[in-house]
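Inspection log for the structure reproduced underneath, given as structure tokens.
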Amino acid sequence: MDDKFIKELREIGRDDRRRSEFMIQGMKETLQGRKEESIFKRWIRRKKTEKKISQRFNQDPSSDQK
């Protein structure tokens, strides 16, 4: 989702029905964009996600961050 989408989403009230419809439409566009990506880009994105997850669970035990 791009910055324009986020900005417009913040302007819509939380109780407004348009908000949920807008979010659903944004997610559909995001998923469609990912579906149209090349295999290489999808592989890179997946590797970055795996790296973030492994870093989260493999933190140094002496670290105070949780």
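Taking OG from S38 and CD from E36, the interatomic distance works out to 12.0 Å, rounded to the nearest 0.5 Å. A distance of 10.0 Å separates CD in E11 from CZ in R18, rounded to the nearest 0.5 Å. Between the CZ atom of R10 and the CD atom of E8 there is a distance of 13.0 Å, given to the nearest 0.5 Å.
Closest non-hydrogen pair, R19 versus I12, comes out as NH1-O, 3.3 Å.
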Would you please test K35 and R42 for side-chain contact (heavy atoms from CB on, under 4.5 Å) and show each step?
-> CA-CA 9 Å; K35 193 176 186 181; R42 283 187 275 172; over 6 Å; no
Please walk me through it: do Q25 and E21 pass side-chain hydrogen bond (donor to acceptor under 3.5 Å, both in side chains)?
-> CA-CA 6 Å; Q25 183 63 32; E21 294 170 355; over 6 Å; no
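Side-chain contact between K41 and R34 is absent, with no heavy-atom pair separated by less than 4.5 Å.
Open room surrounds CD1 on I39; 12 or fewer heavy atoms of other groups in view lie less than 6.0 Å from it. Within 6.0 Å of CZ on R46 lie more than 12 heavy atoms contributed by other residues, nucleotides or ligands.
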